[in-house]
There are 2 protein chains.
Amino acid sequence: MPDIVQKRQRLEAIRELLSSSLVSSQDELRRKLRRRGIHVTQATLSRDMHELQLLKGPGGYSLPNGNGNGAARSGNGAAVVDDDAPPSVAEMIDSFGMRAQQALNQVVVHTVMGGAQPLAAALDYEKWPEVVGTIAGDDTVLIICPDQRRAGEVESRIRTMLES
Amino acid sequence: MPDIVQKRQRLEAIRELLSSSLVSSQDELRRKLRRRGIHVTQATLSRDMHELQLLKGPGGYSLPNGNGNGAARSGNGAAVVDDDAPPSVAEMIDSFGMRAQQALNQVVVHTVMGGAQPLAAALDYEKWPEVVGTIAGDDTVLIICPDQRRAGEVESRIRTMLES
DNA sequence: CTGTCGATTGCATACTTATTCATTCAAGTG
DNA sequence: CACTTGAATGAATAAGTATGCAATCGACAG
């Protein structure tokens, strides 16, 4: 197996993993990659991550652009799972969500630093019918709905999750 | 000397150092602080840095916002203020802003490359009542308002800043 | 004053990441 | 084909970061 191909795919996989889940250490990343059939050592990952110019913050690694990074992880009870199962929106909101507010046909959800990207990924994954699309920054997710009514529904559903 | 005062000043000093020089390790930071008469151990700095939510990238540590990381740092002349006071939106617009345009309940602000993140951070920090949330890319900030009217207000306020 | 509580810190150490060194392999070169 | 060169990688280990624990200090109730 040609090394160079392996590498390209691996970097791709790393980017993908990072955009949809929080990774706190290179070893954790190594285990997640292994489940995808990619088997490398921490040393290699260290080099990969340098190459990808990743940032590391209190909450784990993140892509250089505007992706997630940040705080909070400690015992909040939820989502402490060893994970790798596609994370659910409920879990994400429970773990990272801070507040949600509707604005016309959109809903803005504020999260802890670094929570926006995973939350958006979870929303995308669950494909809510009222959601047309999402955009995530570091700590803010913009959810776009077809109309004001649907946005209202989404807002209240998220608020419920926040309160629980 | 009261511990708590020490700490406040130290965090302050760390922010200042980071914004004006590259720091690659906590031990390096420790040495730099020592030259300023602040003497603490790496352990304490680890805790401080966690508290400041610093990011670590290829180029060293950086403040959580959109500040410098890794490469590029040179001056743009403006807003080189003594800083450390959370940067104001006015300053940011002045330094990075290029144009602003309303779209329904949103306002899109274009900035110079790399200016979006800091501007969004400043907006978040000032917590304008007309702003529900912001999302920033590399050179574009999307500001979400509750409705079209408020978006208009925000747009014109920003335009004023741009012209000045 | 005395005891309790919470915050801050240093020390020692566990844990995580970067780097050195050697190896392997593919692509050129003569 | 034999040799050289450069990229990629693992193993071992150096370098760097986080954390459990105990000590200290100020605030404050009794």
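Throughout, a chain's letter reflects where its sequence line sits, starting with A, and its residues are numbered from 1.
Between B:I14 atom CD1 and D:dT17 atom C1' there is a gap of 14 Å when expressed in whole angstrom units. For the pair B:L45 CG and D:dT19 C1', the interatomic distance rounds to 15 Å; values are reported in whole Å. Regarding B:R30, its CZ atom lies at a distance of 14 Å from the C1' atom of D:dA15, rounded to whole Å. One atom, CZ of B:R31, and another, C1' of D:dA15, lie 12 Å apart when rounded to the nearest Å.
Legend: residues meeting salt bridge (Lys or Arg N to Asp or Glu O under 4.0 Å) with B:D147, ordered by chain and number and at least two apart, are B:R150.
Looking only at distances, a side-chain donor or acceptor of B:T160 sits under 3.5 Å from a matching main-chain atom of B:S156.
Comparing A:Q42 and A:E51 against DNA chain D, the residue whose closest nucleotide sits nearer the 5' end is A:E51.
Nearest to the side chain of A:K56, among C:dT19, C:dT16, C:dC11, sits C:dT16.
B:Q26 and B:M49 get closest at one heavy-atom pair: CG-SD, 3.5 Å.
Taking a cutoff of 4.0 Å between a charged side-chain nitrogen and a carboxylate oxygen, A:E12 and A:R15 qualify as a salt bridge.
Judged by distance alone with a 3.5 Å cut-off, a donor-acceptor contact links the side chain of A:R47 to the base of C:dT20.
Contact annotation for A:T44: backbone-only contact, meaning every heavy-atom pair under 4.0 Å involves sugar-phosphate atoms and none involves a base. If you check every strand for non-hydrogen atoms under 4.0 Å, A:S25 touches sugar and phosphate atoms only.
For D:dT17, the OP1/OP2 oxygens have a side-chain nitrogen or oxygen of B:Y61 closer than 4.0 Å. Taking side-chain N and O atoms only, B:T41 has a distance below 4.0 Å to OP1 or OP2 of C:dG10. In this model, the phosphate group of C:dA18 is approached by a side-chain N or O of A:Q26 to a distance below 4.0 Å at OP1 or OP2. Between B:R10 and the phosphate of C:dT9, there is a side-chain N or O to OP1/OP2 separation shorter than 4.0 Å. Between B:S46 and D:dT17, a side-chain N or O to OP1/OP2 separation shorter than 4.0 Å is absent.
When each of B:I143, B:V154, B:L142, B:I135 is paired with B:Q106, the side chain to side chain contact (heavy atoms under 4.5 Å, CB included) condition holds for B:L142 and for no other.
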